Asker: 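Sharing a structure, written as structure tokens. Questions coming.
Order of the sequence lines sets the chain letters (A, B, ...), proteins ahead of strands, with each chain counted from 1. Hydrogens, waters and symmetry mates are skipped; everything else that's a heavy atom, side chains included, is used. Fair warning: this is a prediction, and the values are worked out from it, not measured in the lab.
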Number of protein chains: 2
Amino acid sequence: MREATLAEIKENARRQLAEQGPGGVSLRAIARDMGMTAPGLYRYFSSIGDLLNALKADLFTELAEAVEGASSALPPEDTDGRILTSLRAFRTWALANRPEFALMFGLPGPDRTADARVLEAARHFAATFFALFDRLLEERRFALPAEEGIPPALRAQLDAFATETGFTTDNVSYGALRVLLSSWVRLYGVVCMEVFDHLSLILGDMEPLFEAELQEVLTPLGVAYRPQEEP
Amino acid sequence: MREATLAEIKENARRQLAEQGPGGVSLRAIARDMGMTAPGLYRYFSSIGDLLNALKADLFTELAEAVEGASSALPPEDTDGRILTSLRAFRTWALANRPEFALMFGLPGPDRTADARVLEAARHFAATFFALFDRLLEERRFALPAEEGIPPALRAQLDAFATETGFTTDNVSYGALRVLLSSWVRLYGVVCMEVFDHLSLILGDMEPLFEAELQEVLTPLGVAYRPQEEP
DNA sequence: CGGCGTCAGCTTACGGTGTTCACGGAAGAT
DNA sequence: ATCTTCCGTGAACACCGTAAGCTGACGCCG
């Protein structure tokens, strides 16, 4: 019963987020829509920042599920297909849920994040892609860049990266981490610019650019690009 | 005299932005700091969104000046050096002015941008980099990708891009635009993730990654990478 | 059964916000 | 000297987040 109202609160918050954008989410409006008063919500969340963090965590798992759901429609052996659809699902979800994406990936307010739930959910989301990349490594699809080409300063950071993500520098080389990181940044950059509308004045439809980047990023990784099949 | 108070308002807004982050900028606080009352500000700006847009435009020109300033410290013939320092100046400014960057590049509120001043300033900022890239093309530093490799859908978008930016498909090929766009997205992505703290949990210091990306993006463009000289 | 503790939700209140409106006053132009 | 134009104020409205204290219902336990 408590769980139900808790879910209802987040549901309404989500609706407001979608309709008004982040910043348009207000405790009072949520309470109003639920036939409650604002202070009553404090039984469930210690502040509006707390609510937003909880929502944020939910959104990360929702996004992760969207990605995994799309990916799992393909046979497990089809690593190429799963990678392609996962990345496309990421973009699709982001575009279909722009305000949500802005909340998740935009600058947090003065209330510093550091929320355990959010971090956990974000980690799970990231792990989705790490797992796929791991398959790619196991299948030895591509030649890893030479370790000597990687500056020592970057290598040190990659160490932190590896320990944080569960990869270890034993089973995964610096070169692999380097490639993973730069591939992710590149594709993430396109989606980020698209959601935040940075090129709208310049580029009408960004899907061709995304698809082209997809191809250009994945091909050197040994992933066979396939055009998107339209249903 | 009107100009002076107008500047003072924006100055105070800027200070609040830097201290409290976007969203922490309030008309009443600005007025308070200036010994005025909030409604008085409406003689200068029609709303707080209007003020923020004006500020945004100023910030774009400030950023452009920071980039051009750093770049112009090098001799004009040194295209390589100017490109490197311009991109580094972009990152440096973004990191030194995170809330400002968030205002400029984050999602605008419900008040849709479409502000002429902002667009103009943003265009000028972008032109800074376009000019450098143009030099690169004139010097024919690198082999352009074949046009046939570029999907027709993307080509159509690149046409819009070209007409919008002053490049024409006469003096600049699809391949060049394709390279420019993907290079920019890649470097922008790193800075964006760094400012928005997306990898802070994973990567402590992102400067090595940025420098590595810089090298990897620019080398194929025929730009000789040089490590950053520390003063 | 009576008492007790826990909890949900309300009312009230405080201080903050953007914005509108009607007003005063100063300065410049005719 | 009057008229106009503009700057800035004060009061008001409608919101917002949050703290404190209260009421009422529920379950548990003696």
Asker: Which is the 5'-most and which the 3'-most nucleotide of DNA chain C that has an atom under 4.0 Å from a heavy atom of chain A?
Answerer: C/dA8 to C/dA13
Asker: Measure the shortest side-chain to side-chain distance between A/Tyr174 and A/Leu154 over non-hydrogen atoms and say whether it is less than 4.5 angstrom.
Answerer: no
Asker: Can you find a heavy atom in the side chain of B/Arg117 that is under 4.5 Å from one in the side chain of B/Lys56?
Answerer: no
Asker: In terms of side-chain heavy atoms, does B/Arg32 have a donor or acceptor partner in B/Asn12 at a distance below 3.5 Å?
Answerer: no
Asker: Taking five pairs at each end, how big is the angle between the two axes of the helix from C/dC1-D/dG30 to C/dT30-D/dA1, to 10°?
Answerer: 20°
Asker: For A/Ser26, answer base if it contacts any base atom (sugar-phosphate contacts may also be present), sugar-phosphate if it contacts only those atoms, and nothing otherwise; contact means non-hydrogen atoms under 4.0 Å.
Answerer: sugar-phosphate
Asker: Do A/Phe90 and A/Tyr188 have side chains that get closer than 4.5 Å, going by heavy atoms?
Answerer: yes
Asker: For DNA chain D, which residues of residues 3-18 of chain A approach it to below 4.0 angstrom with any heavy atom?
Answerer: none
Asker: Could you check how far CZ of A/Arg32 sits from P of D/dC15, rounded to whole Å?
Answerer: 6 Å
Asker: Can you check whether A/Tyr42 has a side-chain N or O nearer than 4.0 Å to OP1 or OP2 of D/dT18?
Answerer: yes
Asker: Figure out the CZ/C1' separation between A/Phe45 and D/dG17, and round it to whole Å.
Answerer: 15 Å
Asker: Remember a base hit wins even if backbone is also touched, and classify A/Gly35 as base, sugar-phosphate or nothing at under 4.0 Å, heavy atoms.
Answerer: sugar-phosphate
Asker: Can you confirm if the aromatic rings of B/Phe60 and B/His124 lie within a centre distance of less than 6.0 Å?
Answerer: no
Asker: Could you tell me the separation between the CG atom of B/Leu27 and the C1' atom of D/dT9, rounded to a whole number of Å?
Answerer: 16 Å
Asker: Heavy-atom distance under 4.5 Å between the side chains of A/Leu87 and A/Phe129, does that happen here?
Answerer: yes
